[in-house]
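A short write-up of the structure that comes next.
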Amino acid sequence: MDKRTGLPIVGMVGGGQLARMTHQAAISLGQSLRVLAAGENESAGLVAGEVVHGHHTDLEALRSFAAGVDVLTFDHEHVPGEHLLTLAMEGVTIRPDPAALSMAQNKLVMREMMAGLEIPGPAFAEVSSVDDVITFGDKHSWPVVLKAAQGGYDGRGVWMLDTAQHARETVPELLDAGTPLLVEEKVVMRRELSALVARSPFGQGAAWPVVETVQSGGINTEVLAPAPGLSRERTQEAQDLALRIAATLNVTGLLAVELFETDEGLLVNELAMRPHNSGHWTQDGSKTSQFEQHLRAVLDYPLGVTDLIAPACVMANVLGAPETPAMGPDERLHHLFARYPDVRVHLYGKGERPGRKLGHVNLVGDRMEELRDRALLAAHWLSHAVWLDGYEIH
(Lines give C-alpha, C1' and ligand atoms only; values in the text may rest on other atoms or scores of the structure.)
Protein backbone atom coordinates (compact mmCIF):
# COMPACT_ATOMS: atom_id res chain seq x y z
CA MET A 1 0.00 0.00 0.00
CA ASP A 2 1.27 3.46 -0.90
CA LYS A 3 1.53 5.41 2.36
CA ARG A 4 1.25 8.70 0.51
CA THR A 5 -2.04 7.95 -1.22
CA GLY A 6 -3.54 5.06 0.77
CA LEU A 7 -3.96 3.20 -2.52
CA PRO A 8 -2.67 -0.26 -3.47
CA ILE A 9 0.37 -0.46 -5.74
CA VAL A 10 0.19 -2.31 -9.04
CA GLY A 11 3.43 -3.67 -10.49
CA MET A 12 3.57 -4.57 -14.18
CA VAL A 13 6.26 -6.90 -15.49
CA GLY A 14 7.42 -5.63 -18.87
CA GLY A 15 8.17 -2.11 -20.01
CA GLY A 16 6.62 -2.07 -23.47
CA GLN A 17 3.82 0.02 -24.94
CA LEU A 18 1.12 -1.90 -23.07
CA ALA A 19 2.72 -0.93 -19.76
CA ARG A 20 3.13 2.64 -21.05
CA MET A 21 -0.58 2.95 -21.81
CA THR A 22 -1.57 1.17 -18.59
CA HIS A 23 0.50 3.77 -16.74
CA GLN A 24 -1.52 6.52 -18.44
CA ALA A 25 -4.72 4.92 -17.16
CA ALA A 26 -3.24 4.46 -13.68
CA ILE A 27 -2.67 8.19 -13.27
CA SER A 28 -6.40 8.97 -13.19
CA LEU A 29 -6.82 6.31 -10.50
CA GLY A 30 -4.31 8.12 -8.30
CA GLN A 31 -1.45 5.77 -9.08
CA SER A 32 1.88 5.72 -10.78
CA LEU A 33 2.20 2.23 -12.16
CA ARG A 34 5.38 0.51 -10.99
CA VAL A 35 7.14 -1.12 -13.95
CA LEU A 36 9.81 -3.82 -14.21
CA ALA A 37 11.63 -2.94 -17.43
CA ALA A 38 14.43 -4.94 -19.03
CA GLY A 39 16.18 -1.86 -20.43
CA GLU A 40 16.53 1.86 -19.82
CA ASN A 41 14.87 2.94 -23.07
CA GLU A 42 11.80 0.71 -23.04
CA SER A 43 8.53 2.41 -23.90
CA ALA A 44 7.03 2.51 -20.39
CA GLY A 45 10.37 3.24 -18.76
CA LEU A 46 10.45 6.61 -20.50
CA VAL A 47 7.26 7.84 -18.80
CA ALA A 48 6.41 5.83 -15.67
CA GLY A 49 7.33 7.41 -12.36
CA GLU A 50 8.62 4.23 -10.73
CA VAL A 51 10.75 2.04 -13.00
CA VAL A 52 12.84 -0.90 -11.80
CA HIS A 53 15.36 -2.39 -14.19
CA GLY A 54 15.48 -6.16 -14.26
CA HIS A 55 14.81 -9.04 -16.63
CA HIS A 56 11.58 -11.04 -16.54
CA THR A 57 13.54 -14.31 -16.63
CA ASP A 58 15.50 -13.40 -13.45
CA LEU A 59 13.73 -14.87 -10.42
CA GLU A 60 15.56 -12.62 -7.96
CA ALA A 61 14.65 -9.51 -9.96
CA LEU A 62 11.01 -10.63 -10.01
CA ARG A 63 11.04 -11.43 -6.29
CA SER A 64 12.56 -8.06 -5.37
CA PHE A 65 10.11 -6.20 -7.61
CA ALA A 66 7.10 -8.12 -6.24
CA ALA A 67 8.08 -7.28 -2.66
CA GLY A 68 7.24 -3.62 -3.27
CA VAL A 69 3.79 -4.02 -4.84
CA ASP A 70 0.35 -5.26 -3.80
CA VAL A 71 -0.48 -7.06 -7.04
CA LEU A 72 1.71 -8.28 -9.89
CA THR A 73 0.49 -8.22 -13.49
CA PHE A 74 2.04 -8.33 -16.96
CA ASP A 75 2.36 -6.60 -20.31
CA HIS A 76 3.54 -9.85 -21.96
CA GLU A 77 3.33 -13.62 -21.41
CA HIS A 78 7.05 -14.43 -21.36
CA VAL A 79 7.76 -14.74 -17.63
CA PRO A 80 8.80 -18.37 -16.96
CA GLY A 81 5.92 -20.30 -15.42
CA GLU A 82 8.14 -21.88 -12.77
CA HIS A 83 9.14 -18.41 -11.53
CA LEU A 84 5.49 -17.41 -11.23
CA LEU A 85 4.65 -20.58 -9.31
CA THR A 86 7.53 -19.88 -6.92
CA LEU A 87 6.31 -16.34 -6.31
CA ALA A 88 2.74 -17.53 -5.82
CA MET A 89 3.88 -20.08 -3.21
CA GLU A 90 5.73 -17.25 -1.47
CA GLY A 91 2.47 -15.32 -1.14
CA VAL A 92 2.70 -12.86 -4.04
CA THR A 93 -0.68 -11.86 -5.48
CA ILE A 94 -0.41 -12.54 -9.22
CA ARG A 95 -3.19 -11.60 -11.64
CA PRO A 96 -3.79 -13.48 -13.82
CA ASP A 97 -2.51 -16.35 -11.70
CA PRO A 98 0.11 -18.77 -13.06
CA ALA A 99 -2.39 -21.53 -13.86
CA ALA A 100 -4.50 -19.22 -16.03
CA LEU A 101 -1.50 -17.52 -17.61
CA SER A 102 -0.03 -20.87 -18.65
CA MET A 103 -2.85 -21.18 -21.19
CA ALA A 104 -1.67 -18.01 -22.91
CA GLN A 105 1.99 -18.97 -22.60
CA ASN A 106 1.75 -22.32 -24.36
CA LYS A 107 -0.41 -22.79 -27.45
CA LEU A 108 -0.40 -26.59 -27.16
CA VAL A 109 -1.58 -26.47 -23.54
CA MET A 110 -4.26 -23.98 -24.61
CA ARG A 111 -5.42 -26.19 -27.50
CA GLU A 112 -5.64 -29.26 -25.26
CA MET A 113 -7.59 -27.30 -22.65
CA MET A 114 -10.00 -25.97 -25.30
CA ALA A 115 -10.57 -29.44 -26.68
CA GLY A 116 -11.29 -30.73 -23.18
CA LEU A 117 -13.91 -28.00 -22.72
CA GLU A 118 -15.36 -28.71 -26.18
CA ILE A 119 -14.64 -25.14 -27.27
CA PRO A 120 -14.47 -24.99 -31.08
CA GLY A 121 -11.04 -24.65 -32.64
CA PRO A 122 -9.00 -25.94 -35.57
CA ALA A 123 -7.78 -29.53 -35.57
CA PHE A 124 -4.28 -29.77 -34.09
CA ALA A 125 -1.57 -32.19 -33.02
CA GLU A 126 1.63 -32.08 -31.00
CA VAL A 127 4.78 -32.36 -33.10
CA SER A 128 7.70 -34.47 -31.92
CA SER A 129 8.91 -35.52 -35.39
CA VAL A 130 8.46 -34.53 -39.01
CA ASP A 131 6.29 -37.63 -39.48
CA ASP A 132 3.72 -36.12 -37.10
CA VAL A 133 3.31 -33.17 -39.46
CA ILE A 134 3.19 -35.30 -42.60
CA THR A 135 0.57 -37.64 -41.10
CA PHE A 136 -1.49 -34.62 -39.99
CA GLY A 137 -1.23 -32.94 -43.39
CA ASP A 138 -2.24 -36.12 -45.23
CA LYS A 139 -5.26 -36.44 -42.94
CA HIS A 140 -6.43 -32.83 -42.84
CA SER A 141 -5.11 -31.69 -46.26
CA TRP A 142 -2.27 -29.34 -47.12
CA PRO A 143 -1.27 -26.62 -46.44
CA VAL A 144 -0.99 -26.83 -42.66
CA VAL A 145 0.07 -24.27 -40.06
CA LEU A 146 3.12 -25.09 -37.95
CA LYS A 147 3.43 -23.07 -34.73
CA ALA A 148 5.98 -22.67 -31.97
CA ALA A 149 4.09 -23.63 -28.82
CA GLN A 150 5.76 -20.82 -26.87
CA GLY A 151 7.01 -17.34 -27.55
CA GLY A 152 5.58 -16.46 -30.97
CA TYR A 153 3.73 -13.20 -31.68
CA ASP A 154 2.98 -10.83 -34.60
CA GLY A 155 3.51 -13.60 -37.13
CA ARG A 156 6.74 -14.85 -35.56
CA GLY A 157 6.85 -18.53 -34.71
CA VAL A 158 4.33 -19.45 -37.44
CA TRP A 159 5.19 -21.35 -40.63
CA MET A 160 2.81 -22.20 -43.47
CA LEU A 161 3.79 -25.62 -44.84
CA ASP A 162 2.43 -26.36 -48.30
CA THR A 163 3.68 -29.91 -48.84
CA ALA A 164 5.24 -32.89 -47.09
CA GLN A 165 8.58 -31.92 -48.64
CA HIS A 166 8.25 -28.43 -47.18
CA ALA A 167 7.69 -30.05 -43.78
CA ARG A 168 10.82 -32.20 -44.20
CA GLU A 169 12.83 -29.06 -44.95
CA THR A 170 11.48 -27.06 -42.01
CA VAL A 171 10.53 -29.23 -39.03
CA PRO A 172 13.79 -31.08 -38.19
CA GLU A 173 15.79 -27.86 -37.91
CA LEU A 174 13.23 -26.37 -35.50
CA LEU A 175 13.09 -29.52 -33.38
CA ASP A 176 16.88 -29.71 -33.27
CA ALA A 177 16.92 -26.13 -31.96
CA GLY A 178 14.63 -27.21 -29.11
CA THR A 179 11.52 -25.41 -30.35
CA PRO A 180 8.33 -27.04 -29.01
CA LEU A 181 5.88 -27.33 -31.91
CA LEU A 182 2.29 -28.05 -32.79
CA VAL A 183 0.54 -28.28 -36.14
CA GLU A 184 -2.94 -26.99 -36.97
CA GLU A 185 -5.23 -27.22 -39.95
CA LYS A 186 -5.37 -24.13 -42.13
CA VAL A 187 -8.81 -22.67 -41.53
CA VAL A 188 -10.88 -21.35 -44.42
CA MET A 189 -12.34 -18.24 -42.86
CA ARG A 190 -14.33 -15.16 -43.69
CA ARG A 191 -12.32 -12.90 -41.38
CA GLU A 192 -10.66 -12.64 -37.97
CA LEU A 193 -12.48 -11.30 -34.93
CA SER A 194 -11.51 -10.49 -31.37
CA ALA A 195 -13.68 -10.76 -28.27
CA LEU A 196 -12.15 -8.71 -25.46
CA VAL A 197 -13.44 -9.21 -21.93
CA ALA A 198 -12.36 -8.46 -18.38
CA ARG A 199 -12.93 -10.40 -15.19
CA SER A 200 -12.30 -9.47 -11.56
CA PRO A 201 -11.37 -11.75 -8.63
CA PHE A 202 -14.89 -11.17 -7.34
CA GLY A 203 -16.13 -12.83 -10.53
CA GLN A 204 -17.60 -9.80 -12.27
CA GLY A 205 -17.23 -9.90 -16.04
CA ALA A 206 -17.48 -7.23 -18.73
CA ALA A 207 -17.32 -7.51 -22.51
CA TRP A 208 -16.60 -4.92 -25.19
CA PRO A 209 -18.23 -5.00 -28.62
CA VAL A 210 -16.67 -7.72 -30.79
CA VAL A 211 -14.23 -6.26 -33.34
CA GLU A 212 -12.83 -7.26 -36.70
CA THR A 213 -9.03 -7.42 -36.91
CA VAL A 214 -7.30 -6.98 -40.25
CA GLN A 215 -3.92 -8.71 -40.64
CA SER A 216 -1.02 -8.14 -43.01
CA GLY A 217 2.04 -10.37 -42.89
CA GLY A 218 0.90 -11.78 -39.57
CA ILE A 219 0.67 -8.32 -37.98
CA ASN A 220 -2.60 -6.65 -37.01
CA THR A 221 -2.84 -3.46 -39.06
CA GLU A 222 -6.44 -2.36 -38.41
CA VAL A 223 -9.23 -2.90 -35.89
CA LEU A 224 -12.85 -2.12 -36.81
CA ALA A 225 -15.19 -1.59 -33.88
CA PRO A 226 -17.78 -2.97 -33.89
CA ALA A 227 -17.13 -5.73 -36.44
CA PRO A 228 -19.06 -4.64 -39.57
CA GLY A 229 -22.09 -6.76 -40.37
CA LEU A 230 -21.68 -9.12 -37.42
CA SER A 231 -25.12 -10.31 -36.34
CA ARG A 232 -26.38 -9.75 -32.83
CA GLU A 233 -26.51 -13.51 -32.32
CA ARG A 234 -22.91 -14.04 -33.45
CA THR A 235 -21.75 -11.11 -31.32
CA GLN A 236 -23.46 -12.60 -28.27
CA GLU A 237 -21.94 -16.00 -29.06
CA ALA A 238 -18.41 -14.55 -29.17
CA GLN A 239 -18.84 -12.55 -25.97
CA ASP A 240 -20.38 -15.51 -24.13
CA LEU A 241 -17.54 -17.74 -25.31
CA ALA A 242 -14.89 -15.29 -24.07
CA LEU A 243 -16.61 -14.82 -20.71
CA ARG A 244 -16.98 -18.59 -20.34
CA ILE A 245 -13.26 -19.10 -20.98
CA ALA A 246 -12.39 -16.32 -18.51
CA ALA A 247 -14.57 -17.86 -15.81
CA THR A 248 -13.43 -21.44 -16.46
CA LEU A 249 -9.74 -20.49 -16.31
CA ASN A 250 -10.30 -18.11 -13.38
CA VAL A 251 -8.77 -15.23 -15.35
CA THR A 252 -8.32 -11.94 -13.53
CA GLY A 253 -7.70 -8.92 -15.71
CA LEU A 254 -8.05 -8.73 -19.47
CA LEU A 255 -8.64 -11.67 -21.78
CA ALA A 256 -8.50 -11.30 -25.55
CA VAL A 257 -9.96 -14.25 -27.46
CA GLU A 258 -8.81 -14.17 -31.08
CA LEU A 259 -11.39 -15.86 -33.32
CA PHE A 260 -11.81 -17.12 -36.87
CA GLU A 261 -15.25 -16.52 -38.35
CA THR A 262 -16.04 -19.36 -40.77
CA ASP A 263 -19.11 -20.41 -42.72
CA GLU A 264 -19.78 -23.00 -40.00
CA GLY A 265 -19.30 -20.67 -37.00
CA LEU A 266 -16.59 -19.34 -34.69
CA LEU A 267 -13.26 -21.02 -33.95
CA VAL A 268 -10.84 -19.94 -31.22
CA ASN A 269 -7.41 -19.02 -32.59
CA GLU A 270 -5.38 -17.77 -29.61
CA LEU A 271 -5.69 -16.25 -26.13
CA ALA A 272 -3.92 -13.27 -24.56
CA MET A 273 -4.28 -12.38 -20.86
CA ARG A 274 -3.28 -8.72 -20.87
CA PRO A 275 -4.26 -5.56 -22.70
CA HIS A 276 -4.21 -6.40 -26.39
CA ASN A 277 -3.64 -4.69 -29.74
CA SER A 278 -7.25 -5.48 -30.70
CA GLY A 279 -8.39 -3.32 -27.75
CA HIS A 280 -6.41 -0.14 -28.45
CA TRP A 281 -9.52 1.41 -29.99
CA THR A 282 -11.08 1.49 -26.50
CA GLN A 283 -8.83 4.40 -25.49
CA ASP A 284 -10.96 6.76 -27.56
CA GLY A 285 -13.96 4.70 -28.68
CA SER A 286 -15.23 3.18 -25.42
CA LYS A 287 -16.47 4.59 -22.14
CA THR A 288 -13.78 2.56 -20.35
CA SER A 289 -10.44 1.79 -21.96
CA GLN A 290 -8.96 -1.68 -21.78
CA PHE A 291 -6.05 -0.27 -19.77
CA GLU A 292 -8.20 1.23 -17.04
CA GLN A 293 -10.33 -1.91 -17.03
CA HIS A 294 -7.28 -4.13 -16.55
CA LEU A 295 -6.28 -2.07 -13.52
CA ARG A 296 -9.81 -2.17 -12.13
CA ALA A 297 -9.90 -5.92 -12.60
CA VAL A 298 -6.55 -6.77 -10.99
CA LEU A 299 -7.39 -4.45 -8.08
CA ASP A 300 -10.84 -6.07 -7.75
CA TYR A 301 -12.63 -2.76 -8.27
CA PRO A 302 -16.07 -2.84 -9.92
CA LEU A 303 -15.59 -2.91 -13.69
CA GLY A 304 -16.32 0.01 -15.99
CA VAL A 305 -18.91 0.43 -18.72
CA THR A 306 -17.76 -0.89 -22.10
CA ASP A 307 -20.22 0.85 -24.46
CA LEU A 308 -19.05 2.56 -27.64
CA ILE A 309 -19.14 6.35 -27.40
CA ALA A 310 -20.01 6.65 -31.13
CA PRO A 311 -21.36 4.25 -33.77
CA ALA A 312 -17.89 3.35 -35.05
CA CYS A 313 -14.20 3.47 -34.18
CA VAL A 314 -11.20 2.48 -36.32
CA MET A 315 -7.70 1.81 -35.04
CA ALA A 316 -4.73 1.66 -37.41
CA ASN A 317 -1.25 0.63 -36.33
CA VAL A 318 1.70 2.86 -37.23
CA LEU A 319 4.40 0.47 -38.49
CA GLY A 320 7.96 1.51 -39.24
CA ALA A 321 8.67 2.26 -42.92
CA PRO A 322 11.27 0.31 -44.92
CA GLU A 323 13.41 3.45 -44.83
CA THR A 324 13.14 6.10 -42.10
CA PRO A 325 11.74 9.29 -43.68
CA ALA A 326 13.88 12.39 -43.90
CA MET A 327 11.00 14.33 -42.29
CA GLY A 328 11.16 13.98 -38.50
CA PRO A 329 8.23 12.70 -36.41
CA ASP A 330 7.50 16.14 -34.96
CA GLU A 331 6.92 17.62 -38.42
CA ARG A 332 4.87 14.58 -39.44
CA LEU A 333 2.60 15.14 -36.42
CA HIS A 334 2.28 18.82 -37.32
CA HIS A 335 1.03 18.04 -40.83
CA LEU A 336 -1.21 15.19 -39.64
CA PHE A 337 -3.05 17.42 -37.17
CA ALA A 338 -3.34 20.18 -39.76
CA ARG A 339 -5.21 17.79 -42.06
CA TYR A 340 -7.08 15.67 -39.49
CA PRO A 341 -7.51 17.62 -36.25
CA ASP A 342 -9.83 14.94 -34.86
CA VAL A 343 -7.36 12.04 -35.14
CA ARG A 344 -6.21 10.58 -31.83
CA VAL A 345 -2.52 9.65 -31.91
CA HIS A 346 -0.81 7.24 -29.51
CA LEU A 347 2.95 6.98 -30.01
CA TYR A 348 5.10 4.60 -28.00
CA GLY A 349 8.39 6.48 -27.77
CA LYS A 350 10.24 3.89 -29.86
CA GLY A 351 13.04 4.31 -32.36
CA GLU A 352 11.99 3.78 -35.96
CA ARG A 353 12.84 0.55 -37.77
CA PRO A 354 11.09 -1.41 -40.53
CA GLY A 355 7.86 -3.09 -39.46
CA ARG A 356 8.14 -2.06 -35.81
CA LYS A 357 4.96 -1.00 -34.00
CA LEU A 358 5.62 2.68 -33.36
CA GLY A 359 2.12 3.66 -32.29
CA HIS A 360 -1.47 3.71 -33.45
CA VAL A 361 -4.19 6.15 -34.42
CA ASN A 362 -7.87 6.08 -33.51
CA LEU A 363 -10.73 7.78 -35.31
CA VAL A 364 -14.26 7.87 -33.92
CA GLY A 365 -17.43 8.78 -35.80
CA ASP A 366 -20.53 7.63 -37.62
CA ARG A 367 -19.33 6.02 -40.87
CA MET A 368 -16.94 3.08 -40.68
CA GLU A 369 -15.63 3.24 -44.25
CA GLU A 370 -14.85 6.96 -44.06
CA LEU A 371 -13.08 6.46 -40.71
CA ARG A 372 -11.15 3.53 -42.13
CA ASP A 373 -9.91 5.51 -45.13
CA ARG A 374 -8.69 8.35 -42.94
CA ALA A 375 -7.12 6.07 -40.32
CA LEU A 376 -5.07 4.23 -42.94
CA LEU A 377 -3.96 7.50 -44.53
CA ALA A 378 -2.99 8.91 -41.12
CA ALA A 379 -1.08 5.82 -40.01
CA HIS A 380 0.84 5.60 -43.30
CA TRP A 381 1.68 9.30 -43.17
CA LEU A 382 3.09 8.99 -39.64
CA SER A 383 5.35 6.10 -40.63
CA HIS A 384 6.31 7.03 -44.23
CA ALA A 385 5.77 10.83 -44.47
CA VAL A 386 3.76 10.14 -47.64
CA TRP A 387 0.06 10.76 -48.20
CA LEU A 388 -1.21 7.76 -50.19
CA ASP A 389 -3.96 9.86 -51.81
CA GLY A 390 -1.52 12.45 -53.14
CA TYR A 391 -2.53 15.19 -50.67
CA GLU A 392 -0.14 18.15 -50.81
CA ILE A 393 1.06 19.44 -47.43
CA HIS A 394 2.02 22.89 -48.74
Side-chain angles (χ1 to χ4, degrees), residues 1-2 5-36 43-44 46-51 69-76 93-96 194-211 223 225-226 239 242-243 246 251-257 272-310 313-315 344-349 359-364:
M1 190 72 69
D2 191 324
T5 63
L7 292 168
I9 299 170
V10 177
M12 182 166 269
V13 178
Q17 64 261 27
L18 300 179
R20 181 187 180 101
M21 290 182 278
T22 305
H23 168 67
Q24 290 177 279
I27 292 171
S28 65
L29 299 179
Q31 299 186 355
S32 177
L33 186 75
R34 193 167 292 180
V35 173
L36 181 68
S43 183
L46 298 174
V47 297
E50 298 182 66
V51 182
V69 305
D70 293 286
V71 58
L72 198 68
T73 190
F74 312 93
D75 95 331
H76 59 69
T93 301
I94 301 173
R95 293 175 178 162
S194 178
L196 186 70
V197 299
R199 185 176 177 276
S200 71
F202 180 74
Q204 183 187 11
W208 281 270
V210 177
V211 301
V223 174
Q239 291 173 325
L243 288 168
V251 172
T252 50
L254 266 287
L255 172 67
V257 180
M273 295 179 194
R274 52 171 170 75
H276 192 254
N277 199 174
S278 69
H280 289 350
W281 69 273
T282 63
Q283 289 175 291
D284 303 296
S286 171
K287 291 184 178 178
T288 306
S289 79
Q290 65 166 343
F291 301 102
E292 179 179 334
Q293 196 80 298
H294 186 69
L295 288 167
R296 288 194 189 205
V298 301
L299 290 168
D300 209 9
Y301 291 165
L303 301 180
V305 176
T306 54
D307 298 347
L308 285 154
I309 64 172
C313 180
V314 174
M315 188 281 307
R344 303 294 297 172
V345 176
H346 302 269
L347 297 178
Y348 306 153
H360 64 272
V361 299
N362 287 330
L363 279 160
V364 179

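Any value given below was found using the heavy atoms of this structure, including those in side chains, with hydrogens, waters and symmetry copies removed.
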Test side chain to side chain contact (heavy atoms under 4.5 Å, CB included) applied to V13 and D75, L72, V35, the passing residue: L72
Salt bridge (Lys or Arg N to Asp or Glu O under 4.0 Å) involving R20 - partner list, sequence neighbours excluded: none
Side-chain (T282) to main-chain (S286) donor-acceptor, under 3.5 angstrom: no
Partners passing salt bridge (Lys or Arg N to Asp or Glu O under 4.0 Å) against D300 (at least two apart in sequence or in another chain): none
Side-chain (Q204) to main-chain (L303) donor-acceptor, under 3.5 angstrom: yes
Check: R344 side chain, D284 main-chain N or O, donor-acceptor pair, under 3.5 Å: no
Shortest non-hydrogen contact between C313 and V364, atoms and distance: SG-CG2, 3.8 Å
Minimum heavy-atom distance between Q290 and P275, given as atom pair plus value: OE1-CA, 3.3 Å
Side chain T252, main chain V298, donor-acceptor under 3.5 Å: no
Test applied, side chain to side chain contact (heavy atoms under 4.5 Å, CB included); reference residue, L255; option that passes from L243, V197, L196: V197
Validation row, ring centre F291 to ring centre H280 under 6.0 Å: yes
Near-ring test H360/Y348, centroid separation under 6.0 angstrom: yes
Smallest separation among heavy atoms of Y301 and L7, with atom names: OH-CD2, 4.1 Å
